[in-house]
Amino acid sequence: MQTDYDPRAIEAAAQHYWEENQSFRALEDPSREKFYCLSMFPYPSGRLHMGHVRNYTIGDVIARYQRMQGKNVLQPMGWDAFGLPAENAAIKQGIPPSQWTRSNIADMKAQLKQLGFGYDWGRELATCDPDYYRWEQWLFTRLMEKGLAYRARATVNWDPIDQTVLANEQVIDGRGWRSGALVEKREIEQWFVRITDYAQELLDAIDTLDGWPERVRIMQRNWIGRSEGVSMDFAIAGSDQVLGIYTTRPDTLMGVTYVAVAAEHPLAREAATHDPELAIFIEECRQGGTSEAEIETMEKKGYRLGIHAVHPVTGEPVPIFAANFVLMGYGTGAVMAVPAHDQRDWEFAERYGIPKRAVIRSADGAPCGIEQAAFTERGVLFDSGPFDGLTSEQAFDAIADWLAERGKGDKRINFRLRDWGVSRQRYWGCPLPVIKRSNDEVRAETDLPVRLPEDLVVDGSGSPLERMADFYALPNGETRETDTFDTFFESSWYYARYCSADCDTAMLDERARYWLPVDQYVGGIEHAVLHLLYARFFHKLMRDEGLVECDEPFANLLTQGMVVAETWFREDAEGRKHWFNPAEVEAERDDKGRLVRAVLAADGQPVTFGGVEKMSKSKNNGVDPQALTERYGADTVRLYTMFTSPPDQSLEWNDEGVEGAFRFVRRLWSLAIGEAEAIRSATVPTALDEAARDARREIHTALKKALFDYERHQFNTVVSASMTMVNVLYKLEPSPARAGVLREGVGILLRLLAPIAPHVTHHLWRKLGLGEDILGAGWPRVDEEALKQDAVAYVVQVNGKVRGNVKVPADADKEAIQAAALADEQVGKFIAGKTLRKVVVVPNKLINLVA
RNA sequence: GCCCGGGUGGCGAAACUGGUAGACGCAAGGGACUUAAAAUCCCUCGACCUUGGUCAUGCGGGUUCGAGUCCCGCCCCGGGCACCA
């Protein structure tokens, strides 16, 4: 097969055609059904990586598919342009973050265009553009007016040498990434947005998101973490202070043997003033990270404050501990502890010799056995004074009522979700539109946008804005806030701004009401909670400002899996690993194709397999999409990424697989070009012989499968079905019907593949005289007549095991099928001497004889 | 630690509501074409024994005429955890 398939030329020509015809420009048209398809916009890191290619190919396939269904499709693209990497690059290379970011955007845009994605570039936006961020500043001032934004103290990672706040990412093994200093926890004043006011609505509305993957809905429910419990006050012995705690297990109240407070809790601080060892303990607790994973996995430590809390029911004193696992930022910064019925409390009590008081046992009366571990199940109360004999559920209410009557506590619904801390002590972000008065009061800036000064170089110690009086000092003695927004703030509403990208009088206009909600959102599973929850929240804030009408931003969500690849390394004398790119590694295989040994191509010496990992610089297992596109063309890269795995699973990269995809595109090309004359002059298939009928049946069976798979976004099997079609058409015997079957088959095939491999199908569609523009060609339909068969093959099972195959007329009834099955020689052998007890027939599939 | 996924040939995977396990492709082996190579085309390809069977979807149980699919209990791998995006 000789081909002159030249992806470079036909892809450039197709892209030129789309640009000339403004094929992807989206216009509001209330008479047409709209479809808004959105892929998560990239952070402009400089180069597209395979994760982007996968994400955007999935989005583009869906957008083009919907368009071919006749919908009015909007597919925009933009840039999540603020963020830490720009500052890191600035520190390393001495370039202003703005310059670095904008040049990256230019590079990445060129790469996206090369891949042939059908974006409406007229709506492009970058979040670092003042025309964009002025509107989130405006919304924030509205939130301040409504009391939905407020200031409070919060814990951050503090680098004592660089005198700067560190992101979790910048804390490595408890030390600052640049200074190497031990990181401390520090409380500083921060801005928060009251997402907890919307917690119940955010939770309830999850039930309406039936176009979202169940696992994402579960994660969001867990993240919001609604719990029903009781808040109550413990008096402090010998003081008129009270200590407030919250518990979801008030039924265990009678088993409380101690109370724990955060190291930063006022009670602990106060006790430390006359206990130097406690002061040291509190100081120790300040070291270590602030992330949940770190706090949960670190060694649980405590220190007796020497004061006691009074049990609200028994009046008995219980010791108060300061503990490193209690966080000041959660609830009240204090917890009641029941070692007998909570595993963490149990371990803590073991360590510090605190008594365990069992008060719950299972309903059957068996002892609860707390010697080895806590008994954490619900059950029946004992040794609980007035509450003896109640079930846990009854005791919940009884104890809550008992406390409420005495003014010591109340039932309360709590959420794990905390208010969203939106301020960051960083330069490359959107400035908070806040002005500080001299008396520590604040007011909202009215003159928007507050422009971020660009062309500043950062050096890694603190924010340069704090040293820039031109920015923060105002003539009347007031000062401007130098914090910037969390970059999640920008990414929480960009989907809406695309609709009204050029509107300079408001955040959004009526066009947003035409396009929203997004019909299909596509992005990484790593955003399952944070970004997707913040965006849902932001949408409700905009709704409450009258900017949008619907309640939820994303009707359907597709979370694609990661792109992973093999890793290979060698260890040097010091035990350090050096990673080699899989492209430099050669495999040696045995005659069954099994891997025997792998060597580095450069020196022929062995390398060690390091597992399959997410593509990353640190493991040197990345593949450059641009090099690949230049070598094989965008269609092959797109086809490969769609074919190798279903979208929601991880995709394991394999260079030989790309070769296979390239082979298929060339095979399609040579089939179409080789038969071009026949196809051009053919009409609808007529005068079908048996072979032609079989071929049509196979084509339409594959089409039926492919259409179903498009709908459920399982593109890998759409490609499989296309491959089957090519194989069928290649084997087509000469006959009077041949040209007609070819024309129909290739016509189906090209349209089926058009969303996935748009360039080659665009070219061939025109070349074969099938039409002017395949984008407007409509969608192929299954011919039910072509699927019909005279005889149906049945699998014959005996006791559930396959023993034979029989062919029966399509209209055969159960008796006829059974008779045919029993007539089979093999089946007869297994039935011989037994009596038939039962016969199960699955129509058109199988018959099971139970004997 | 908590939460969420995933384990099917040498490899990526398929199997629509329980109904022929391995479609489609990669790798591998054999053959054709060619002076040769590349490209292309054809055949074989889960394991084990003798046509014909037996075993096989991470492991151990269960439900069913029938289980990759449903239920119970384990093991292993990956992702997220609030200042990475």
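Each chain gets a letter, A, B and so on, in the order the sequences are listed, and its residues count up from 1.
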Sugar-phosphate, base or nothing in reach of A/Thr724, heavy atoms under 4.0 Å: sugar-phosphate
Distance below 4.0 Å between A/Ser645 side-chain N/O and B/A13 OP1 or OP2: yes
Integer angstrom distance from the P of B/G52 to that of B/G6: 40 Å
Cation over ring face, A/Arg667 and A/Tyr730, 6.0 Å, 45°: yes
Syn/anti state of B/G61 by chi, 90° boundary around 0: anti
Sugar-phosphate only, base, or nothing, as touched by A/Phe830 at under 4.0 Å among non-hydrogen atoms: sugar-phosphate
Touch class at under 4.0 angstrom, heavy-atom based, for A/Met562 against every strand present: sugar-phosphate
Interatomic distance, A/Lys619 NZ vs B/G79 C1' [rounded to whole Å]: 14 Å
Touch class at under 4.0 angstrom, heavy-atom based, for A/Phe643 against every strand present: base
Distances under 3.5 Å between nitrogen or oxygen atoms of protein and nucleotides 61-68 of chain B:
from	atom 1	to	atom 2	distance (Å)
B/C65	O2	A/Asn848	ND2	2.5

side-chain N/O A/Gln826 vs B/G53 OP1/OP2, d < 4.0 Å: yes
B/U57 versus B/A67 - spacing of their P atoms, nearest Å: 11 Å
A/Arg344 CZ - B/G1 C1' separation (whole Å): 9 Å
Whole-angstrom distance between B/C24 and B/C75, as gauged at atom C1': 32 Å
Interatomic distance at C1', B/C33 relative to B/C42, whole Å: 11 Å
Below 4.0 Å: OP1/OP2 of B/A14 and any side-chain N or O of A/Asn716: yes
Enumerate all atom pairs, one protein N or O and one N or O from nucleotides 81-85 of chain B, separated by less than 3.5 Å.
from	atom 1	to	atom 2	distance (Å)
B/C81	O2'	A/Glu292	OE1	2.7
B/A82	OP2	A/Glu292	N	2.8
B/A82	O2'	A/Arg418	NH2	3.4
B/A82	N6	A/Arg416	O	3.1
B/A82	N1	A/Arg418	N	3.1
B/C83	OP2	A/Arg424	NH2	2.6
B/C83	O4'	A/Arg424	NE	3.0
B/C83	O3'	A/Asn168	N	3.3
B/C83	O2'	A/Asn168	N	2.8
B/C83	O2	A/Arg426	NH2	2.9
B/C83	N4	A/Gln190	NE2	2.6
B/C83	N4	A/Gln425	OE1	2.8
B/C84	OP2	A/Asn168	N	3.3
B/C84	OP2	A/Glu169	N	3.0
B/C84	O4'	A/Glu169	OE1	3.4
B/C84	O4'	A/Glu169	OE2	3.4
B/A85	OP1	A/Leu84	N	3.1
B/A85	OP2	A/Thr487	OG1	3.4
B/A85	O3'	A/Asp80	OD2	2.5

Sugar-phosphate, base or nothing in reach of A/Ser650, heavy atoms under 4.0 Å: sugar-phosphate
Whole angstrom value for the distance that separates C1' of B/G80 from NZ of A/Lys614: 10 Å
Base paired to B/U17 (Watson-Crick or G-U; both N/O distances under 3.5 angstrom): none
Touch class at under 4.0 angstrom, heavy-atom based, for A/Val842 against every strand present: base
Separation of the P atoms in B/G29 and B/G79, to the nearest angstrom: 35 Å
N/O (side chain, A/Arg663) to phosphate O (OP1/OP2, B/C26) under 4.0 Å: yes
P spacing across the pair B/C59 / B/C45, given as an integer number of angstrom: 25 Å
Distance-only donor-acceptor test, A/Ser720 side-chain atoms vs B/A23 base atoms, 3.5 Å: yes
Separation of atom CZ in A/Phe662 from atom P in B/G25, rounded to whole Å: 17 Å
Sugar-phosphate only, base, or nothing, as touched by A/Leu846 at under 4.0 Å among non-hydrogen atoms: base
Salt bridge (Lys or Arg N to Asp or Glu O under 4.0 Å) against A/Arg215, all qualifying residues, sequence neighbours excluded: none
Sugar-phosphate, base or nothing in reach of A/Lys801, heavy atoms under 4.0 Å: sugar-phosphate
Atom-to-atom span, CD of A/Gln714 to P of B/G12 - whole angstrom: 17 Å
Sugar-phosphate, base or nothing in reach of A/Asn727, heavy atoms under 4.0 Å: sugar-phosphate
Rounded interatomic separation in angstrom, taking CD from A/Glu659 and C1' from B/A38: 12 Å
Interatomic distance at P, B/G46 relative to B/A21, whole Å: 14 Å
Distance in angstrom units between A/Lys829 NZ and B/G52 C1', rounded: 7 Å
Six-ring centre of A/Phe830, A/Arg803 cation under 6.0 angstrom, axis tolerance 45°: yes
4.5 Å side-chain heavy-atom contact, A/Leu822 and A/Leu849: yes
Interatomic distance at C1', B/G22 relative to B/A56, whole Å: 11 Å
B/G78 - base-pair partner by Watson-Crick or wobble geometry, distances under 3.5 Å: B/C4
